[in-house]
Novice: 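Next up is a structure, given as structure tokens.
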Amino acid sequence: MDTPLSTIAVVGLGTMGTGIAEVLARAGREVIGIDISEAAARQAVASLEASTARAVQRERITEQERRDILARFRTFTDLQAAADAELVIEVVPETYEIKQQVFRELDAVVSPTAILATGTNALSVTRLAAESQHPERVLGMHFFNPAPAMKLVEVVSSVLTAPSAVETVTRLARELGKEPVAVGDRPGFVADGLLFGYLNQAAAMYEANYASREDIDAAMKLGCGLPMGPLALLDLIGIDTARTVLEAMYSASHDRLHAPAPVLGQLSEAGLTGRKTGRGFYTYDAPGGQSVVPDARTPLASAGAVAGREVSSVGVAGSGTMASGIAEVFAKAGYSVVLAARSQEKADTAKARIAKSLDRSVSKGRLTAEAREETLARVTPAGSLDAFAEVDLAVEAVAEDLDIKQQLFATLDKVCKPGAVLATTTSSLPVVAIAKVTSRPQDVIGMHFFNPAPAMKLVEVVRTVLTADDVHATVREVCVKVRKHPVDCGDRAGFIVNALLFPYLNNAIKMVEEHYATLDDIDAAMKLGGGYPMGPFELLDVVGLDVSLAIEKVLHSEFRDPGLAPAPLLEHLVAAGCLGRKTGRGFREYARR
């Protein structure tokens, strides 16, 4: 099967098929586009004409190159047109019946040496190959949408696939300017296998009314640097498509994390499948539209009618990176800040860390020298929490240990004036368990900043069943004043970001444990196929494997879902002291500084 693949047929000219055809034609291949719908074929040609015209206008290709590309793309409505193709890529609807019918007909049409590739992201390549007359030539070639822009191609082998077919298609992917990742045959493969579990959990979180769709999406974009929130992404992918992928994953894994959230079925049955129909989790300006328009679930501008309490001074408890970062955020916004630690020396060191951070901002031109001095002057270091006597808002950023936080809040209860808001920055502990040690649990709330606090825009605002309305309003108002984006969530393990992020990271570790894919392939797949700023193993090593394990344990303990049990490999690495970048070794090894 060592063939140059100069003539390639694409069966199915929907959005994905048209995109793949464009990639191939631009790369100099003769492309045979096949679709039973003449309208779809005409639309594919029109799409290629429009995209190449834009490329000429932007001076990325010449007019002659455009004419050559268009000449290489021919469309037909009969599979007989694929007779001379050396490779056929099918991207027809995601059902076994339709795909198997296509493969049966192709067996009678193409040369015995031609390679047949399925673009499925949910169905078994092995099952499709098994019914082919030449199963050794059948494999998966999973492009990502939009195909011209996305770099990842998952090359999927079944146990029947000939290595030469894999090598030929892998070489083609590289010639197309793509990054091929070799994977085995399981539902979702690498990228979708990790992505769709995360999307499913986000849908379930929304369905449970734990957080609004806007807050869930904002939390994952701002907290993780993702290009889109999960619910907006489900609308883009197609809720019916997501449900199909999840059904396939669940039938193989029986993992409850893959059991489609009921809301996905309800929306699919109602025909509300996302952007393509004009309505899904959000409502759009038209079928196929991109602009979200207000609907009955859009938050009203007058929703925050309760007035907050006056806050002019803030106390920050702690001496670590998070505490100094939070103190810097408040001081920059004009608040008087008391930065209290267990000793005056630790408090002075924390203030010195703020000074260095401000110096970096000055050197980069983000802050004037005068503003630096004014900001630093607003921070008063103290060696005792007694200095919080007159603050309006006290924020703790000490160790993530329930006993330590409870002791601190018991002290704040005695020290802080009546009416002061008491906030914890916990990322995983129950806020109500911290609140109950005080005589004023109504004044206690979660205010979860993300590290580094000066740079990260997100704050998860966590109210307990006892938190007063005006306390909640106060913290939201303060977040806006310090230029952060507040999202509301209830008091349960992981809140929004960690509850969605860490099961995804845990599932990535399980893929490695099962020898399904390598660290490098998984990281590449999620960056190139999912638009993630970091691969899961890069992120785990940055966060710290001990921190990650602690959060996983909290999630497993609260939700009692077997699928949330920490991967044994993570536990073994932590037990061995391999905690990530901070120790020089985690999933990867790092040079010692």
Side-chain angles (χ1 to χ4, degrees), residues 2-35 37 39-77 81-82 84-92 110 114-121 139-156 165-181 191 227 236 288 524-525 527-531:
D2 189 10
T3 169
L5 303 183
S6 58
T7 302
I8 301 172
V10 178
V11 181
L13 295 176
T15 302
M16 181 59 81
T18 299
I20 294 170
E22 177 177 340
V23 171
L24 294 167
R26 281 175 176 257
R29 267 56 180 191
E30 294 292 328
V31 183
I32 300 165
I34 303 172
D35 200 294
S37 165
R42 285 195 300 271
Q43 179 57 43
V45 172
S47 176
L48 184 58
E49 288 174 343
S51 66
T52 51
R54 287 193 299 272
V56 171
Q57 188 177 20
R58 294 168 184 169
E59 299 183 347
R60 293 175 180 168
I61 60 173
T62 65
E63 182 58 39
Q64 182 58 53
E65 287 171 331
R66 175 178 187 257
R67 286 195 291 268
D68 292 343
I69 291 168
L70 294 175
R72 287 194 288 268
F73 181 46
R74 294 169 292 150
T75 61
F76 303 86
T77 57
D84 296 329
E86 294 135 349
L87 166 67
V88 181
I89 305 171
E90 71 75 17
V91 274
V92 299
V110 301
I115 299 172
L116 303 184
T118 172
T120 186
N121 65 345
L139 46 68
M141 196 172 185
H142 180 213
F143 288 79
F144 288 74
N145 196 26
M150 300 297 281
K151 290 292 186 183
L152 180 66
V153 174
E154 291 178 317
V155 179
V156 189
V166 175
E167 291 167 11
T168 301
V169 167
T170 300
R171 185 167 59 249
L172 170 68
R174 291 198 180 98
E175 291 170 358
L176 297 176
K178 303 299 183 184
E179 296 283 347
V181 170
L236 176 63
K527 289 193 289 185
L528 298 171

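Everything numeric here is computed off the predicted structure, so don't read it as measured data.
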Novice: Does Q57 have more than 12 heavy atoms from other residues, nucleotides or ligands lying within 6.0 Å of its CD?
Specialist: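 Open: at most 12 neighbouring heavy atoms sit under 6.0 Å from CD of Q57.
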
Novice: For a quick test of reading the model, state the closest non-hydrogen atom pair linking A147 to V23 and the distance between them.
Specialist: O-CG2, 3.6 Å

Novice: Just how far is it from atom CD1 of I89 to atom OG1 of T118, taken to the nearest 0.5 Å?
Specialist: 10.5 Å

Novice: So, do V11 and V91 sit near enough that their side-chain heavy atoms are less than 4.5 Å apart?
Specialist: no

Novice: Could you check whether any side-chain heavy atom of V88 comes within less than 4.5 Å of a side-chain heavy atom of I115, counting everything from C-beta outward?
Specialist: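 No, every pair of side-chain atoms sits at 4.5 Å or beyond.
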
Novice: Heavy-atom distance under 4.5 Å between the side chains of T52 and L48, does that happen here?
Specialist: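 Side-chain contact under 4.5 Å: yes.
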
Novice: How close do P148 and K178 get, heavy atom to heavy atom, and via which atoms?
Specialist: O-NZ, 3.6 Å

Novice: Kindly check if the number of other-residue, nucleotide or ligand heavy atoms within 6.0 Å of CD (Q64) is above 12?
Specialist: yes

Novice: Side chains of T168 and R171, heavy atoms from C-beta outward: is any pair under 4.5 Å?
Specialist: yes

Novice: I'd like to check V56 versus R66 (side-chain heavy atoms, cut-off strictly below 4.5 Å). Are they in contact?
Specialist: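 Yes, at least one pair of side-chain atoms sits under 4.5 Å.
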
Novice: Test side-chain contact (heavy atoms from CB on, under 4.5 Å) on M16 and F143 and set out the steps.
Specialist: CA-CA 8 Å; M16 181 59 81; F143 288 79; 4.0 Å; yes

Novice: Can you tell whether the side chains of R60 and E65 come within less than 4.0 Å, N to carboxylate O?
Specialist: no

Novice: Looking at E179 and V153, would you say the former's side chain and the latter's main chain have a donor-acceptor pair under 3.5 Å?
Specialist: no

Novice: Would a distance-only check, ignoring hydrogens and angles, find a side-chain to backbone donor-acceptor pair under 3.5 Å from K151 to G529?
Specialist: no

Novice: Are the side chain of R29 and the backbone of I8 linked by a donor-acceptor contact shorter than 3.5 Å?
Specialist: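 Answer holds: no.
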
Novice: Nearest 0.5 Å, what's the CD-CG distance between E167 and L172?
Specialist: 14.0 Å

Novice: Walk me through whether T18 and V10 qualify under side-chain contact (heavy atoms from CB on, under 4.5 Å).
Specialist: CA-CA 8 Å; T18 299; V10 178; over 6 Å; no

Novice: Which atom names give the shortest non-hydrogen contact between G33 and L13, and what distance separates them?
Specialist: C-CD1, 3.8 Å

Novice: Kindly give the heavy-atom pair with the smallest separation between F76 and A81, and that separation in Å.
Specialist: CG-CB, 3.4 Å

Novice: Strictly below 4.0 Å, N to O, side chains only: are E22 and R26 in salt-bridge contact?
Specialist: yes

Novice: Where is the tightest heavy-atom contact between A525 and A191, given as atom of each residue plus distance?
Specialist: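 Closest approach of A525 to A191, heavy atoms only: O-CB, 4.1 Å.
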
Novice: Starting at CD of E86, measure out to OG1 of T7 and round the result to the nearest 0.5 Å.
Specialist: 5.0 Å

Novice: Using a 4.5 Å cut-off on heavy atoms from C-beta on, say whether the side chain of I34 contacts that of T75.
Specialist: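 Of all side-chain heavy-atom pairs linking I34 with T75, none is under 4.5 Å.
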
Novice: Kindly compute the distance separating CG (N121) from CD (E154), expressed to the nearest 0.5 Å.
Specialist: 9.0 Å

Novice: Check step by step if side-chain contact (heavy atoms from CB on, under 4.5 Å) holds for D35 and T77.
Specialist: CA-CA 5 Å; D35 200 294; T77 57; over 6 Å; no

Novice: Out of V31, L24, I32, which one pairs with F73 under the side-chain contact (heavy atoms from CB on, under 4.5 Å) rule?
Specialist: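 Filter result, single survivor: V31.
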
Novice: Using 0.5 Å steps for rounding, measure from the CG atom of N145 to the CG atom of L236.
Specialist: 6.5 Å

Novice: Please give me the minimum heavy-atom distance between P180 and V155, naming the atom from each residue.
Specialist: CB-CG2, 4.1 Å

Novice: Report the distance from atom CG of L87 to atom CG of L116, rounding to the nearest 0.5 Å.
Specialist: 8.0 Å

Novice: Salt bridge (Lys or Arg N to Asp or Glu O under 4.0 Å) for E49 and R54? Distances and angles first, verdict last.
Specialist: CA-CA 9 Å; E49 288 174 343; R54 287 193 299 272; over 6 Å; no

Novice: Apply side-chain contact (heavy atoms from CB on, under 4.5 Å) to L152 and K527, showing your working.
Specialist: CA-CA 9 Å; L152 180 66; K527 289 193 289 185; over 6 Å; no

